[in-house]
Amino acid sequence: MCGIAGLLLGNSLEDVAVEVIEALYQLQHRGQDACGVAIANLGQAGECTKGKGLLSEVFAQSSQTSSLKGNIGIGHVRYRTAGLLTENEAQPISNRGRPEIFFAHNGHVSFPRTAGYQTTSPGSDSHGVLSILASTLEKIDLLFPQESLAKKVLRTLRGLYSRCDGSFACVAMVDAKLLVGFRDPYAIKPLVLGQRQRCDGLIDYMLASESVALEKLDFEIVRDVAPGEAVIIEQGVRSQTTVQFHQIVPVRTYTPDIFELVYFARPESTLDGISVQECRQRMGHALAQTALEELGADTCFQIDAVVPVPDSGYVSALALSQSLNIPLALGLVRNQYCQRTFILPGHEKRLKAVRRKLSPVASEFAGRNVLIVDDSIVRGSTSREIVRMARKAGARKVVFASSSPAIRFNHIHGIDLADRRELVAYGRSNKEIAECIGADAVLYLPLDRLVGCCRAAQGEQSEVDGFEVGVFTGNYVNSGAETLQNSITAP
Ligand SMILES: O=P(O)(O)OC[C@H]1O[C@H](OP(=O)(O)OP(=O)(O)O)[C@H](O)[C@@H]1O
Ligand SMILES: NC(=O)CC[C@H](N)C(=O)O
Ligand SMILES: [Mg+2]
């Protein structure tokens, strides 16, 4: 996962740091391991503040922000997929050379053997990308000294795309002059451009992983960056900013990661012209249909309550309860001071976090048949714990439903689903999964229905032509899947 943001304010006398951090707060759900921002003034060296933990920990003091001066900046919230959980690998990362690059990456990249690059953090794919960017740009800078920085960056990106594979949505700040955003040729990871018209006639620009970050900062969506495309926003003298889109390599497919719509993204966001909320509503209605077919009408009508799993299960659960005309019961309460649990490293930590995060309202379960709805069942830590709570609170029959299909393969594009054998659905039938989590039955939304829901939620402008669904099928949209899959390590 990971969240990225980049901002360039039209007025070069203004400071952007507070807004970059604010944008990251809107993306905190995408990464909780580490975070950071890099800020610069036109023509000056950038400053970076980053560290392990949440934004509220790393930027606890306002003095840390006020010392970051400049009108251009990028930021990152990290959920590690490769490399270490060290401060050095928190992002943004920089070459600290000439031209100076600050870089932030969402996704998971692999490199063919021929890519040949050197880095101080060998395990980190993001450092690998930066290293290729920096060494290529340095060479191009020497070879084509007369060219504009934007042209040199374009040449650099062409070289980069031929040397790496996988998923990447990235933002970079080059020589405190260019804000650059670029996306892999399959558009697996999200990246959207926004603009904000100011009263003084100038325009501010912003790139972000999710539209919610743009909207919260009063930016309007310009458009999503297309597969294989880069956008270069350049600040000139006298605050004149230009924006150029360039197709770096041909579009392979326009196939965003469906798991963004299932779980990662916030429901307020629109990704590639698809409303996350609408997808999840449709998934709930489709799950209701599946329940009728698989459990049978009699069993469905014996269900007393539909219980959503906070937070990502809410939208689909409500839609399902409406479809089946079964009351929704808010039987699970979320402790607001706890984070997402699935992205925590280590089984023990995750289990402890689920227990701390969710608690049952006993009266909503006592003596009832319940249908509990979540967006996904991954390792089963959440579902197992919830079923245990429901039983303890006196539930009679417990059916656990997932508004996405069974996960039997690794997610290779920036989500550490670890070893396949950790997945509760790996090598198990639905009956065995139910036994494993202690439920009377489990129910999954079939893949064709999930895809149908997401396609039906596409707005008129959306050019998406399919989805990356490898986590459900083992077939990944990019050719380098094998290498990538092998490079994922358990936390
Ligand atoms: O089977 P598991 O390995 O437990 O993973 C699945 C759970 O993890 C996610 O929730 P999470 O707590 O991360 O985030 P949320 O609050 O947005 O639902 C997801 O929504 C499921 O509830
Ligand atoms: N989740 C991500 O997008 C991770 C980015 C990068 N692979 C890292 O581990 O830092
Ligand atoms: Mg959840």
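Note that ligands are numbered from 1 as they come in the structure, with each ligand's atoms numbered from 1 the same way. As a basis for the values below, the full set of heavy atoms in this structure was taken, side chains included, without hydrogen atoms, waters or symmetry mates.
When each atom of ligand 1 is checked for a heavy atom of S381 under 4.0 Å away, the hits are 1 (O), 2 (P), 3 (O), 4 (O). Per-residue contacts place Q91 under 4.0 angstrom from the following atoms of ligand 2 (heavy atoms of the residue considered): 10 (O). Numbered from 1 in the order shown, with element, the atoms of ligand 1 that lie under 4.0 Å from a heavy atom of D311 read 15 (P), 16 (O), 18 (O). Below 4.0 Å from some heavy atom of R80 lie the following atoms of ligand 2, by number and element: 9 (O). Atom numbering of ligand 1 starts at 1 in the shown order; those under 4.0 Å from a heavy atom of S376 are 6 (C), 19 (C), 21 (C). Interface of D374 with ligand 1, defined as ligand atoms under 4.0 Å from a residue heavy atom, comprises 20 (O), 21 (C), 22 (O).
Distances between N or O atoms of S383 and those of ligand 1 include no value under 3.5 Å. Ligand 2 has an N or O atom lying under 3.5 Å from an N or O atom of T81, backbone or side chain. Checked against a 3.5 angstrom limit, the closest N/O atoms of I377 and ligand 1 fall outside it. Taking distance alone, with nitrogen or oxygen atoms compared against 3.5 Å, V309 stays at or beyond that limit from ligand 1. Inclusion of D375 in the set of residues having an N or O under 3.5 Å from an N or O of ligand 1 is warranted. The shortest N/O to N/O separation between Y79 and ligand 2 falls below 3.5 Å.
Between the side chains of Y186 and R252, a donor-acceptor pair is found at a separation under 3.5 Å. The closest side-chain donor-acceptor pair between H411 and D257 falls under 3.5 angstrom.
At a heavy-atom distance under 4.0 Å, atoms from both the backbone and the side chain of C2 approach ligand 2. Looking at R78 against ligand 2, only its side chain comes within 4.0 Å, counting heavy atoms. With a 4.0 Å cut-off on non-hydrogen atoms, D125 touches ligand 2 through its side chain and not its backbone.
In R356, the CZ atom is not crowded: 12 or fewer heavy atoms of neighbouring residues, nucleotides or ligands sit closer than 6.0 Å.
Using a 4.0 Å cut-off between a side-chain N of Lys or Arg and a carboxylate O of Asp or Glu, R368 and E364 qualify as a salt bridge. With salt bridges taken as basic N to acidic carboxylate O contacts below 4.0 Å, one links E260 and R30.
Under the rule for a side-chain hydrogen bond (donor to acceptor under 3.5 Å, both in side chains), the partners of Q26 that lie at least two apart in sequence or sit in another chain are R266.
A82 counts as a contact of ligand 2, since one of its heavy atoms falls under 4.0 Å from the ligand.
Checking H105, R78, H76 one by one against S126, the side chain to side chain donor-acceptor pair (under 3.5 Å) holds for a single residue, H105.
Taken to the nearest 0.5 Å, the CG atom of L217 stands 5.0 Å off from the CD atom of E19.
For the pair R340 and Y263, the distance from NZ or CZ to the six-membered ring centre is under 6.0 Å and the angle to the ring normal is within 45 degrees.
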